[in-house]
There are 2 protein chains.
Amino acid sequence: MKHKSFFIASENETVGEVAFRNIRADIIRGKLKPGQKLKLEKLKADYGVAVPTLREILSRLAAEEFVVAEGQRGFEVTSVSEAGLRDIAALRLLLETHALRQSIATGDLQWEARVVSSHYMLKVVETKLIDGDISQVEQWVQQDWEFHHATISACASPAMMAAHSTAFDRFLRYHMLVLDFRGKPAADEHAQLRDLVIARDAEAAIKLLTSHVESGLNHVLGTGKIPA
Amino acid sequence: MKHKSFFIASENETVGEVAFRNIRADIIRGKLKPGQKLKLEKLKADYGVAVPTLREILSRLAAEEFVVAEGQRGFEVTSVSEAGLRDIAALRLLLETHALRQSIATGDLQWEARVVSSHYMLKVVETKLIDGDISQVEQWVQQDWEFHHATISACASPAMMAAHSTAFDRFLRYHMLVLDFRGKPAADEHAQLRDLVIARDAEAAIKLLTSHVESGLNHVLGTGKIPA
DNA sequence: TTACAATATATTATCCAAAATATAAGGCAA
DNA sequence: TTGCCTTATATTTTGGATAATATATTGTAA
């Protein structure tokens with residue numbers, strides 16, 4: 001408590017935790033490219049943490065399927081493919097539709113408020129993007145995440161939420177790799193989803209969500225940037 | 001990617017990998033008790049690996065929710081509760097029914113053979129257990145795992161299979177904690193499930209699986225060994 | 001020229017020790 | 001006595017160094 005370490009204690013977080021988030025974000029954002037070998041010495045220089053700490057971080061990411069650990073040959077960023085995208089999209093949809101149905105059935109007023117407020121913030125970013133301000137893409141990804149999570153946040157199932165979170169992030173990674181916003185149709189779908197959720201129309205909401213995810217899937221594949 | 005279950009030990013694998021499986025198995029088997037603090041020095045002595053390697057292992061287990069990392073206060077075994085069991089049972093059921101439907105729709109002859117053969121092995125163990133040979137409980141857990149995985153092994157969705165694997169293992173942990181075999185009813189359900197799967201009756205199979213999991217859930221809770 | 005083997009290099013897996021931090025215990029003042 | 005501050009201990013977190021392993025390279029024989 002005498003002299004707090006300059007890097008750590010100011011935020012009460014360990015340097016390992018910070019590096020973990022940075023590396024994870026760099027994979028999702030595509031700065032660390034699919035299939036790329038993750039050499040420990042290089043990472044050590046880039047993120048400023050020691051080798052054992054890096055191994056700890058990469059092991060956690062491997063459990064989330066963001067990196068693969070190849071036996072005794074080190075780590076590399078998980079590669080992407082059309083099949084991989086379809087796979088993860090299906091998983092996301094399965095978890096999200098289930099959680100959405102539960103949320104609509106049991107959500108309270110606070111939950112509705114979360115949905116409304118997160119959609120409001122999402123819409124602001126979407127409007128900017130539609131107007132051509134491409135700098136907001138990362139902000140949009142963040143708000144998209146917040147909104148979808150808000151809609152299922154009343155499902156009262158921590159395990160389901162946790163599984164959905166990592167599935168969603170892996171799905172998002174594909175969007176970040178092609179870095180192409182779908183525009184007004186996606187924004188309209190979000191608004192409709194918000195209304196259906198508030199109206200407690202579970203079946204219509206699920207139907208919309210399904211086509212929403214599938215449209216996103218096709219949009220990403222349509223850019224031709226994802227290998228077969 | 002193979003989904004090995006938790007007892008298998010291979011020879012030219014890293015010491016870290018072996019220790020990982022041992023610790024994971026000890027948590028599932030209840031040797032490391034829910035809520036127990038995992039002191040690094042103690043683990044170091046028990047499993048014969050150094051501290052940084054242990055941190056790597058515990059981090060991976062934390063990603064699977066078998067242990068929790070409490071800020072800067074080390075690790076402890078994830079505690080159990082009735083709500084936790086219901087939660088994880090629901091997740092298992094959601095993933096398994098979905099994968100089962102897909103498998104039944106697209107499975108080939110080899111898949112049917114896997115189902116039949118794994119059920120045969122399961123039945124042998126179940127018969128011994130029903131006859132009172134309690135020493136076979138761990139073997140039963142292993143075969144139960146193999147059988148259920150065989151039924152969904154044709155779903156062609158790696159992400160779904162991976163998610164199901166960890167959910168299933170967490171569900172299994174509760175069974176191991178109460179260490180009480182449900183007996184003939186469970187064995188009968190397995191046999192029926194095998195027949196329905198081979199007959200490609202998806203809806204009936206899913207209905208049976210659902211009641212199978214729910215019966216297991218109630219059986220575990222009925223022992224009174226799981227805190228509220 | 002090609003295939004194989006042996007060496008050399010690069011990279012990883014592991015361990016030990018030091019620094020930082022939290023927890024417990026003890027002493028002092030109110 | 002009780003509460004709080006200080007000191008001491010236990011535990012965790014991190015960095016650096018060493019041993020083990022895989023990959024690349026080179027040379028030699030068929």
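Order of the sequence lines sets the chain letters (A, B, ...), proteins ahead of strands, with each chain counted from 1.
Going from atom CG of B/Leu58 over to atom C1' of D/dT11 covers 14 Å, rounded to whole Å. Atom-to-atom, CG of B/Leu40 to P of C/dA19 comes out at 19 Å; the value is rounded to the nearest Å. Following rounding to the nearest Å, A/Arg55 (CZ) and D/dG15 (P) show an atom-to-atom distance of 16 Å. If you measure from atom CD of A/Glu17 to atom C1' of D/dT13, you get 12 Å, rounded to the nearest angstrom. Rounding to whole angstrom units, CG of residue A/Leu54 and P of D/dT14 are separated by 11 Å. When rounded to the nearest whole Å, the span between NZ of B/Lys39 and C1' of D/dT9 equals 13 Å. Atom CD of B/Glu76 is separated from atom P of D/dT11 by 15 Å (rounded to the nearest Å). B/Lys44 places its NZ atom 15 Å from the P atom of C/dT14, with the value rounded to the nearest Å.
Within 4.0 Å (heavy atoms only), B/Val15 reaches sugar-phosphate atoms of the nucleic acid but no base atom.
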Please determine whether salt bridge (Lys or Arg N to Asp or Glu O under 4.0 Å) holds for the pair B/Arg24 and B/Glu64, giving the CA-CA distance in whole Å, both sets of side-chain angles, and the decisive distance to 0.1 Å.
CA-CA 10 Å; B/Arg24 192 175 189 275; B/Glu64 283 188 282; 2.8 Å; yes
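Nearest nucleotide to the A/Glu41 side chain, out of C/dT12, C/dT14, D/dT13: C/dT12. With D/dT13, C/dT12, D/dG15 as the candidates, the nucleotide lying closest to the side chain of A/Pro52 is D/dG15.
Proximity of B/Arg73 to the phosphate of D/dT12: no side-chain N or O atom is located under 4.0 Å from OP1 or OP2. Close to D/dT13, at under 4.0 Å from its OP1 or OP2, lies no side-chain N or O of A/Thr53.
Ranked by how close their nearest DNA chain D nucleotide is to the 5' end, A/Val49 and B/Lys37 are led by B/Lys37.
Using a 4.0 Å cut-off between charged side-chain N and carboxylate O, A/Asp46 and A/Lys42 make a salt bridge.
Looking at A/Gln142 and A/Glu146, their side chains do bring a donor and an acceptor atom within 3.5 Å of each other.
Relative orientation of the B/His149 and B/Trp145 rings is parallel, given thresholds of 30° and 60° on the angle between their planes.
The side-chain tip of A/Arg60 points at the ring of A/Phe20 from less than 6.0 angstrom away and within 45° of straight on.
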